[in-house]
Amino acid sequence: MTATRDGASYEVAVRAESALGEGPTWDPATGRLLWIDILNSRLHGYDPATGRRTLRRTGQHVGAVKPRAGGGLVLNLRDGIGLLDPDDTFRWLRHEPVPGRRGNDAAVAPDGALWAGTMRYDEATGGGTLARVTGDGTTELVLDDVTVSNGTGWSPDGRRMYYIDTPTRRIDVFDHDADTGRVTGRRPLAEVEDGAGFPDGLTVDAEGCVWVALWDGAAVRRYTPSGALDRVIELPVPRVTACAFGGPGLTDLYITTARVGLDPAPPLAGSLLVVPGAGEGVAQPAFAG
């Protein structure tokens, strides 16, 4: 266990060498932490109670994985949205391959819809999207000028949606209508200053604060609902990709990291880290499909 700048201590939950570890998600039905390695097309599972680990290959690059309400998983893949049934059978919910583009981060809204982002492999400006996908596969394009679609999350009361398009360096906030799933009034909540890295994945805690992983920033930051920076957890790897609360009481902050592009890579780059007792998370809804 190693202390960070703000007094929190991180541990290595799973020592790994993921090229692009991403998307930690707590699955309360199974009591395990899910995350993915995008570039190695791998889906990881970890049970902190037993230490048991699982690994599944996805067949193509995978940007996110989330639990489904009826069991199984939903995947934001290179070529669209896929479903893994409880018996491990795979099928497409929405198959929409676009040459040079892949799925990236995704999140489930309070109404059970999946908000799925995409990006181009060459990270061309405006080449990505953010779409809202309902349980039956109906898809609404919300943003069509995204570069690297990343962290998405909702305030505990569901009235705000937070969103990151990484190259903008901003954490943006929308007004969210829980009845319709529509978002309006996009505006900056906070901006990451030059030299501090780029905002990547995010999660929202029970106090409504936004925790943001910093790519090339070696840290996770927490911003209050007013946009003030109030915590910084420094980490031993530069490419911190995403974070999520997990564990029985949703008090442990799990953090994914990457080693792609690092030569030499630090020893823990690509590992899954955890900060026990970092705060209090909010139970995340399962995908309604």
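If you read the sequence from its start, that first residue is 1, and numbering goes on from there. Here the structure is a predicted model, which means the values were calculated and not measured.
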- request: Could you tell me the separation between the CZ atom of Arg259 and the CG atom of Leu268, rounded to the nearest 0.5 Å?
  value: 9.5 Å
task: First locate atom CZ of Arg56, then atom CG of Leu84, and finally report the distance between them rounded to the nearest 0.5 Å.
output: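 Going from the CZ atom of Arg56 to the CG atom of Leu84 covers 4.5 Å.
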- prompt: side chain to side chain contact (heavy atoms under 4.5 Å, CB included) with Val220: which of Val212, Leu202, Leu253, Leu214?
  reply: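 Of the listed options, the one satisfying the test is Leu253.
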- request: Please confirm whether Trp35 and Tyr46 have ring centers closer than 6.0 angstrom.
  value: no
Between [X] and [Y], which heavy-atom pair has the shortest distance, and what is it?
{"X": "Cys243", "Y": "Trp211", "result": "SG-O, 3.7 Å"}
{"X": "Ala269", "Y": "Thr257", "result": "C-OG1, 3.8 Å"}
{"X": "Pro236", "Y": "Leu273", "result": "CD-CD1, 4.2 Å"}
{"X": "Thr147", "Y": "Glu123", "result": "CG2-O, 3.5 Å"}

Hphob cluster co-occupancy, Val192 + Val148, side-chain heavy atoms under 4.5 angstrom: no
message: If hydrophobic clusters are built from ILVMFWY residues whose side chains come within less than 4.5 Å, do Ile164 and Met119 share one?
response: no
Is the shortest side-chain N to carboxylate O distance from [X] to [Y] below 4.0 Å?
{"X": "Arg187", "Y": "Asp172", "answer": "no"}
{"X": "Glu193", "Y": "Arg221", "answer": "yes"}
{"X": "Arg186", "Y": "Asp165", "answer": "no"}

task: Indicate whether any N or O donor in one side chain lies under 3.5 Å from an N or O acceptor in the other, for Asn150 and Thr166.
output: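 The criterion, which ignores hydrogens and geometry beyond distance, is satisfied for Thr166 and Asn150.
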- prompt: When you check the side-chain N and O atoms of Asp27 and Thr30, is any donor under 3.5 Å from an acceptor?
  reply: yes
message: Please verify the inter-ring angle class for Phe90 with Trp92; under 30° counts as parallel, over 60° as perpendicular, anything in between as tilted.
response: perpendicular
task: Considering only Ile, Leu, Val, Met, Phe, Trp and Tyr, and joining two whenever side-chain heavy atoms are under 4.5 Å apart, list the other residues clustered with Val146.
output: Trp115, Leu130, Val142, Leu143, Trp154, Met161, Tyr163, Phe174, Val183
- prompt: For the side chain to side chain donor-acceptor pair (under 3.5 Å) test, which of Arg101, Gln60, Arg94, His61 pairs with Asp79?
  reply: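 Result: among Arg101, Gln60, Arg94, His61, Gln60 is the only option passing the side chain to side chain donor-acceptor pair (under 3.5 Å) with Asp79.
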message: For a salt bridge (Lys or Arg N to Asp or Glu O under 4.0 Å) check, start with the C-alpha distance between Asp175 and Arg159, then their side-chain angles and the critical distance, and finish with the verdict.
response: CA-CA 6 Å; Asp175 297 314; Arg159 297 176 63 183; over 6 Å; no
